[in-house]
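Let me begin by presenting the structure, written as structure tokens, before commenting on it.
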Amino acid sequence: MTNPVRTRFAPSPTGYPHVGNIRTALFAWLFARHNGGSFIVRIEDTDVARTVEGAVEAILDSLRWLGLDWDEGPEVGGKYAPYFQSQRLELYHEAAQRLIAHGDAYYCYCSPERLKEMREEQVKHKQPPGYDRCCRDLGELEQAAKESDGITPVVRLKTPLEGQTRFNDLIWGDVKFENSTIDDLVLLKSDGYPTYHLANVVDDYEMKISHVIRGEEWLSSTPRHLLLYQALGYEPPQFAHLPTILGPDRAKLSKRHGAASVAEYREQGYLPEALLNFLALLGWSLDDKTEIFSLEELIKNFSLERVNKTAAIFNQDKLSWMNGMYLRNLTPEDFVQRSLPFLESGLPPQIKRPLDINYLRQILPLVQERTKTLTEVPDLIKFFFIEESDYPSDSLIGKGMTRESAIKALESARLKLVDLAVFDEASLESLLRPLAVELELKPGQLFGTLRVAITGRTVAPPLFQTMIVLGKERCLSRIETALARLRKPSG
RNA sequence: GCCCCCAUCGUCUAGAGGCCCAGGACGGCACCCUUUCACGGUGUAGACAGGGGUUCGAAUCCCCUUGGGGGCACCA
């Protein structure tokens with residue numbers, strides 16, 4: 001009786017997906033792929049009031065960007081369509097009716113106000129808050145009276161008053177709860193929509209989900225779900241609850257922690273493969289040393305047995321390091337292609353668009369190993385397009401140098417460069433290094449002055465390569481600009 | 001308040017009784033490479049929350065304390 005592995009990602013469109021949600025999606029996806037099973041996306045849009053416009057698209061976009069493809073779900077359909085819960089309401093009503101008919105559920109006429117007061121009262125008396133089962137044993141006459149008052153009831157599960165519910169979580173092991181601590185949860189709301197609990201159980205059953213992989217926040221409602229499976233006569237799936245991802249303040253990661261949404265990481269210049277790799281390591285590990293995994297390796301090695309139970313703090317520094325690793329491993333052409341959108345939007349508008357791709361192909365290899373995120377690229381290469389002469393002219397004067405020696409250095413360099421026939425690295429090397437000796441400067445001093453003159457910065461890619469890409473004319477003109485600035489005493 | 005759960009360097013983690021005076025990675029620091037920065041290399045500081053057991057032997061098993069997380073909605 002080896003059922004095919006079927007996992008699902010069941011987001012609710014109440015906001016944009018953040019890395020915590022996506023980590024859950026990733027693990028469910030990896031588990032399905034590892035076992036040759038199916039990955040299903042199901043939209044849990046049962047909270048009409050909280051639904052956010054565009055959230056479904058944002059969720060799907062994030063999944064697509066990361067390459068987490070789904071076998072069934074929105075846009076692709078599938079055998080168990082539809083994959084939006086708002087389109088499956090009959091199913092939930094049917095289930096609720098069946099439960100009522102069997103005496104496993106009942107109508108509750110309590111008003112939200114009464115429930116609220118009740119809860120406040122309970123908290124005040126240091127009692128655990130929970131429904132007091134006021135309507136659990138209403139007679140037909142009482143029900144009829146309430147109906148005629150025009151109250152639309154909700155449906156609640158008749159939770160067993162005693163006994164315990166236990167299950168074996170694939171990650172947490174044996175978990176058990178006293179039924180007496182579980183109150184009668186609402187299954188069907190008065191607006192006709194099901195609660196998460198009902199919809200989730202019905203759909204996971206209907207869609208033949210074999211493994212429910214979800215966040216730890218669901219662990220304590222799992223017994224309720226199990227009770228529901230039981231009452232409905234369904235064979236429950238296996239459960240695996242993933243540890244929480246925390247923000248730097250140790251609270252559950254949320255919007256408050258800055259860039260928590262996947263879209264924002266994308267905008268910040270992180271590569272999907274880096275984010276995926278990083279996320280995979282939040283709660284899972286292969287061994288004591290492997291850190292960088294391709295998607296294939298991840299699929300091949302992933303297992304729930306190696307998922308741990310401790311909540312993890314999202315460590316952006318490490319993500320950035322990892323992103324740098326991935327960036328450096330890109331082919332030069334790939335790096336160009338990935339940088340392009342960031343350059344189009346990040347480079348100053350006065351630079352002609354579309355950007356000269358061949359020029360970029362010369363420039364970008366010079367900064368590839370120096371970037372951690374793609375958003376840094378425009379600033380790193382801006383000077384290749386624009387002469388930035390707003391640097392402090394003192395920065396032309398290196399350590400142990402004077403204004404005069406800097407002028408002399410630039411002047412001599414300019415003279416030598418003018419006559420240089422071949423403008424390549426070897427020529428520059430054999431021209432400028434001896435020049436330093438001649439000027440009684442350390443190579444670093446001469447190169448530093450030239451670097452500022454040519455790039456406008458003290459930190460830049462290697463000087464000779466930069467000069468070659470810029471070309472002789474632009475180098476000479478920038479040196480002249482620098483000389484002019486040095487000669488003007490105002491600085 | 002009640003229920004459930006967790007606990008190794010600042011952070012992510014390896015460790016399933018002796019291989020551990022605890023290994024790797026990010027970050028920190030130092031040095032090397034070097035025309036700046038970065039990359040790379042080398043080294044270094046840095047943890048088994050505390051207390052009791054069990055055992056010849058405990059980071060690993062049990063109990064308590066402490067700390068932390070999650071849940072307790074007509075939200076998911």
Between [options], which nucleotide gets closest to the side-chain atoms of [X]?
X: Thr244(A); options: rC12(B), rG70(B), rC74(B); answer: rG70(B)
X: Pro462(A); options: rG23(B), rU35(B), rA25(B); answer: rU35(B)
X: Lys189(A); options: rG24(B), rA7(B), rC74(B); answer: rC74(B)
X: Glu216(A); options: rG23(B), rG70(B), rC4(B); answer: rG70(B)
X: Val175(A); options: rC74(B), rG24(B), rC4(B); answer: rC4(B)
X: Pro129(A); options: rA25(B), rG71(B), rG1(B); answer: rG1(B)
X: His197(A); options: rC5(B), rA76(B), rG24(B); answer: rA76(B)

Going by purine N1 to pyrimidine N3 plus the second Watson-Crick contact, or the G-U wobble pair, all under 3.5 Å, which nucleotide sits opposite [N]?
N: rA14(B); result: none
N: rC33(B); result: none
N: rA47(B); result: none
N: rC21(B); result: none
N: rC72(B); result: rG1(B)

Whole-Å distance separating the [atom1] atom of [X] from the [atom2] atom of [N]:
X: Leu242(A); N: rG70(B); atom1: CG; atom2: C1'; answer: 14 Å
X: Tyr196(A); N: rC74(B); atom1: OH; atom2: P; answer: 17 Å
X: Phe293(A); N: rA14(B); atom1: CZ; atom2: P; answer: 11 Å
X: Leu219(A); N: rG68(B); atom1: CG; atom2: P; answer: 20 Å
X: Glu120(A); N: rG1(B); atom1: CD; atom2: P; answer: 19 Å
X: Leu441(A); N: rU35(B); atom1: CG; atom2: P; answer: 15 Å
X: Gln465(A); N: rC37(B); atom1: CD; atom2: P; answer: 16 Å
X: Met325(A); N: rC26(B); atom1: CE; atom2: P; answer: 8 Å

How do Tyr131(A) and Arg328(A) order along RNA chain B: which one's closest nucleotide is nearer the 5' end? Arg328(A)

Quick check on RNA chain B: between Asn315(A) and Arg306(A), whose nearest nucleotide comes earlier from the 5' end? Asn315(A)

How about Phe27(A) and Phe302(A): are their ring centroids closer than 6.0 Å? yes

Same-atom distance ([atom1]) from [N] to [M], integer angstrom:
N: rG10(B); M: rG52(B); atom1: P; value: 23 Å
N: rG68(B); M: rU8(B); atom1: C1'; value: 15 Å
N: rU60(B); M: rG17(B); atom1: C1'; value: 7 Å
N: rU54(B); M: rC9(B); atom1: C1'; value: 29 Å
N: rC21(B); M: rC37(B); atom1: P; value: 40 Å
N: rC4(B); M: rU65(B); atom1: P; value: 14 Å
N: rA30(B); M: rU35(B); atom1: C1'; value: 23 Å
N: rA22(B); M: rA58(B); atom1: C1'; value: 13 Å

Determine the contact category for [X]: base if any of its heavy atoms lies under 4.0 Å from a base atom, sugar-phosphate if only primed atoms, P, OP1 or OP2 are that close, otherwise nothing.
X: Phe464(A); answer: base
X: Thr14(A); answer: nothing
X: Thr371(A); answer: nothing

Salt-bridge contact Lys116(A)-Glu121(A) (side-chain N to carboxylate O under 4.0 Å): no

Between the side chains of Thr244(A) and Glu217(A), does any donor sit under 3.5 Å from an acceptor? no

I'd like to know if the side chain of Thr51(A) pairs up with that of Asp45(A) as donor and acceptor (distance under 3.5 Å, no hydrogens or angles considered). no

Does a side-chain N or O from [X] land closer than 4.0 Å to OP1 or OP2 of [N], or not?
X: Arg457(A); N: rC37(B); answer: no
X: Arg250(A); N: rG69(B); answer: no
X: Lys399(A); N: rU35(B); answer: no

Give a yes or no on whether a donor-acceptor pair under 3.5 Å exists between the nucleobase atoms of rC37(B), that is its base, and the side chain of Arg370(A). yes

Classify the side chain of Thr181(A) and the base of rC3(B) as holding, or not holding, a donor-acceptor pair under 3.5 Å. no

When you look at Tyr196(A) and Trp218(A), which way does the ring pair (Phe, Tyr, Trp, His ring centres under 6.0 Å) test go after all the steps? CA-CA 11 Å; Tyr196(A) 168 86; Trp218(A) 296 109; 3.9 Å; yes

Check whether any side-chain N or O of Gln368(A) sits under 3.5 Å from a backbone N or O of Leu330(A) as a donor-acceptor pair, and report yes or no. yes

Please evaluate residues Lys158(A) and Asp104(A) with respect to the criterion salt bridge (charged side-chain N to carboxylate O under 4.0 Å, His left out), reporting the C-alpha separation (whole Å), side-chain torsions for both, the decisive distance (0.1 Å), and the verdict. CA-CA 5 Å; Lys158(A) 211 177 255 188; Asp104(A) 291 318; over 6 Å; no

